[in-house]
Amino acid sequence: MENGTKQIWGFRGNEELKIASEITVRGFLNLLMFHVNKDDDRPTVPLGHGDPSAFPSFRTTGIAEDAIVDALRTANYNCYAPTVGVLPARRSIADYLSRDLPYKLSPDDVYLTIGCTQAIEVILTVLARPGANILLPRPGFSYYEARAACSRLEVRHFDLLPEKGWEVNLEAVEALADQNTVAMVIINPGNPCGNVYSHQHLEKIAETARKLGILVIADEVYNHLTFGSNPFVPMGTFGSIAPVITLGSISKRWIVPGWRCGWLVTNDPNGILRKTGIVDSIKGCLDVSSDPATFIQGAIPQILENTKEDFFSKIIYIIREAANLCYERIKEIPCITCPYKPEGSMFTMVKLNLCLLEDIGDDMEFCLKLAKEESVIVLPDAS
């Protein structure tokens with residue numbers, strides 16, 4: 001610059017986004033992978049994410065692959081999709097989810113999203129207003145905290161009870177809520193706890209939400225991936241008690257997370273979400289965001305309607321065997337305990353006994369040292 005004057009620029013990065021990204025699964029994985037010893041010849045053991053698609057035993061069904069090819073070759077899905085998603089896909093998702101519900105969903109209840117993560121982004125954006133707060137489970141999926149921070153939505157945590165199968169502490173929920181509480185989130189089957197809620201417990205959650213005047217956001221991305229005593233029961237079953245927003249995708253059950261096709265569904269027989277403007281806000285949010293690839297949407301009906309049950313049975317068998325092996329091996333490690341045997345999803349939550357570990361102050365430090373010394377990647381509890 002002339003005369004040695006320092007140039008002053010009028011822009012700078014958003015520090016809040018950097019902070020939010022650090023508490024996501026991707027943020028933790030990037031940090032842990034950075035600490036892996038590059039001189040260690042052993043292969044890295046990736047136990048820190050719910051994406052088994054890289055492993056040969058977890059390949060999606062040929063029916064799903066053929067559906068993508070067929071959709072492409074029709075040339076009917078090379079255009080932009082409607083904001084809410086193409087109608088045949090929305091209709092097939094409504095029919096698919098209605099199989100487990102006491103009422104029938106309409107295609108108008110279904111909104112297609114870029115995976116379940118965009119569905120989270122949409123509903124938290126819709127609910128955010130000055131002073132609002134949302135109740136999130138602890139332990140939970142850290143993407144909710146990150147997105148809430150981006151939307152300036154206050155987070156309040158309620159504990160899950162390991163001695164009761166990671167059930168929601170409903171007394172804590174009632175104590176946390178106030179007139180500015182908009183919703184509570186449940187993840188069922190559980191991430192990261194591997195739990196599956198009973199019909200009775202889900203009904204109590206709905207009754208609590210009704211009492212507090214809030215809606216329930218039901219993250220069911222692992223729907224039907226269960227292998228314990230409790231069958232999967234969708235939270236939408238209780239939509240007549242309190243309105244439910246169901247989030248899901250084809251990512252986990254069909255082992256195709258990279259296809260990025262999910263949904264946000266309103267389970268609301270009483271029309272409360274429409275009366276309060278939530279439905280219009282969902283559409284408005286989707287109007288200013290991106291859509292899942294149209295040819296993926298075009299493949300959805302064939303994927304949902306034609307996949308054989310034996311494909312699902314095989315996946316669940318593999319996950320069950322892995323969960324049982326993990327649970328038994330954990331018993332052999334003195335400093336780690338698993339408070340509840342996993343019954344669903346792809347995760348288990350363990351507890352560290354720090355008294356038995358040298359020079360480790362918390363779970364994050366444990367994960368970093370495990371990555372550096374053993375090339376094993378596990379995630380800390382970020383909630």
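- Cluster annotation: L215 and I120 are assigned to the same hydrophobic cluster (Ile/Leu/Val/Met/Phe/Trp/Tyr, side-chain heavy-atom contacts under 4.5 Å, transitive).
- Remark: the backbone N or O of G165 is not paired with any side-chain donor or acceptor of Y197 at under 3.5 angstrom.
- Within the 4.5 Å cutoff, the side chain of S375 has no heavy atoms near those of the V45 side chain.
- The pair E365-K369 meets the salt-bridge criterion, with a side-chain N (NZ, NE, NH1 or NH2) lying under 4.0 Å from an Asp/Glu carboxylate O.
- Distance alone, capped at 3.5 Å, is enough to place a donor-acceptor pair between the K252 side chain and the G50 backbone.
- You'll find the side chain of C150 reaches within 4.5 Å of the side chain of L17, heavy atoms only.
- Looking at N37, its side chain never comes within 3.5 Å of a backbone N or O of K372 through a donor-acceptor pair.
- Smallest separation of non-hydrogen atoms from P342 and A323: CG-CB, 4.0 Å.
- For the 3.5 Å distance criterion, the side chains of N324 and K341 qualify, holding a donor opposite an acceptor.
- Between E328 and K331 there is a salt bridge, since a side-chain N of the basic residue sits under 4.0 Å from a carboxylate O of the acidic one.
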Begin from the C-alpha positions of Y96 and N223 and carry the test side chain to side chain contact (heavy atoms under 4.5 Å, CB included) through to its verdict.
-> CA-CA 12 Å; Y96 167 69; N223 72 337; 3.5 Å; yes

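- The structure places OG1 of T266 at 9.5 Å from CD1 of I123, a figure rounded to the nearest 0.5 Å.
- Between I300 and C261, some side-chain heavy-atom pair lies under the 4.5 Å cut-off.
- For the pair D178 and R156, the salt-bridge criterion is met [side-chain N within less than 4.0 Å of a carboxylate O].
- At least one side-chain heavy atom of L47 sits less than 4.5 Å from a side-chain heavy atom of V376.
- The side-chain heavy atoms of I296 and I68, taken from C-beta on, include a pair separated by under 4.5 Å.
- Closest heavy-atom contact between F232 and P189: CD1-CD, 3.8 Å.
- For I214 against V182, the heavy-atom pair with the smallest separation is CB-O, 3.6 Å.
- Y340 and M349 fall within a single hydrophobic cluster, where Ile, Leu, Val, Met, Phe, Trp and Tyr are joined by side-chain heavy atoms under 4.5 Å apart, directly or via other members.
- Distance CD/E154 to CG/L135: 9.5 Å, rounded to 0.5 Å.
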Given the rule in the side chain to side chain contact (heavy atoms under 4.5 Å, CB included) test, do L124 and I217 qualify, once you have shown the distances and angles that lead to the verdict?
-> CA-CA 10 Å; L124 265 58; I217 300 171; 4.2 Å; yes

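- For the pair S106 (side chain) and D108 (backbone), a donor-acceptor distance under 3.5 Å is present.
- Under a 3.5 Å cut-off, the side chain of Q118 and the backbone N or O of S290 do form a donor-acceptor pair.
- Of the possible donor and acceptor atoms, none in the side chain of E145 sits under 3.5 Å from a partner among the backbone N and O of V155.
- Scanning all heavy atoms of the two residues, the minimum distance from A177 to T181 falls at CA-OG1, 3.3 Å.
- Without hydrogens or angle criteria, H201 side chain to V168 main chain gives a donor-acceptor distance under 3.5 Å.
- In the hydrophobic cluster analysis, where Ile, Leu, Val, Met, Phe, Trp and Tyr join through side-chain heavy atoms closer than 4.5 angstrom, F58 is grouped together with V221.
- Interatomic distance, L273 CG to N267 CG, rounded to the nearest 0.5 Å: 9.0 Å.
- We find that D109 and R90 are not joined by a salt bridge, their nearest charged nitrogen and carboxylate oxygen being 4.0 Å or further apart.
- Between W9 and F11, the ring-plane angle classifies as tilted under the 30° and 60° cut-offs.
- With no hydrogens or angles considered, a side-chain donor-acceptor pair links R260 and T117 at under 3.5 Å.
- Between the side chain of N191 and the backbone N or O of F141 there is no donor-acceptor pair closer than 3.5 Å.
- In this structure, T83 contributes its side chain and D287 its backbone to no donor-acceptor pair below 3.5 Å.
- Inter-residue side-chain proximity for W254 and F312 is flagged as met; some heavy-atom pair is nearer than 4.5 Å.
- A distance of 11.0 Å separates CD1 in I318 from OG in S313, rounded to the nearest 0.5 Å.
- S345 contributes atom OG, which lies 7.5 Å from atom CG of N195 (distance to the nearest 0.5 angstrom).
- Between Y222 and M346 the shortest side-chain heavy-atom distance falls below 4.5 Å.
- Scanning both residues, I186 and V216, for their nearest heavy atoms gives CG1-CG1, 4.1 Å.
- A donor-acceptor pair is defined here as one N or O able to donate and one able to accept, closer than 3.5 Å; no such pair exists between the side chain of E305 and the backbone of S92.
- The shortest side-chain heavy-atom distance between L264 and L247 falls under the 4.5 Å cut-off.
- A pairwise comparison of heavy atoms in P339 and V350 identifies CD-CA, 4.3 Å as the closest pair.
- Note: I205 CD1 to Q200 CD = 12.0 Å, rounded to the nearest 0.5 Å.
- Checking D159, L160, I187 one by one against P139, the side-chain contact (heavy atoms from CB on, under 4.5 Å) holds for a single residue, L160.
- Ion pairing between D310 and K308 fails under the 4.0 Å rule for side-chain N and carboxylate O.
- The distance between the ring centers of H199 and F238 falls below 6.0 angstrom.
- In the hydrophobic clustering of ILVMFWY residues, with side-chain heavy atoms under 4.5 Å counting as a link, V244 and I282 come out apart.
- Residue R42 places its CZ atom among more than 12 non-hydrogen atoms of other residues, nucleotides or ligands, all under 6.0 Å distant.
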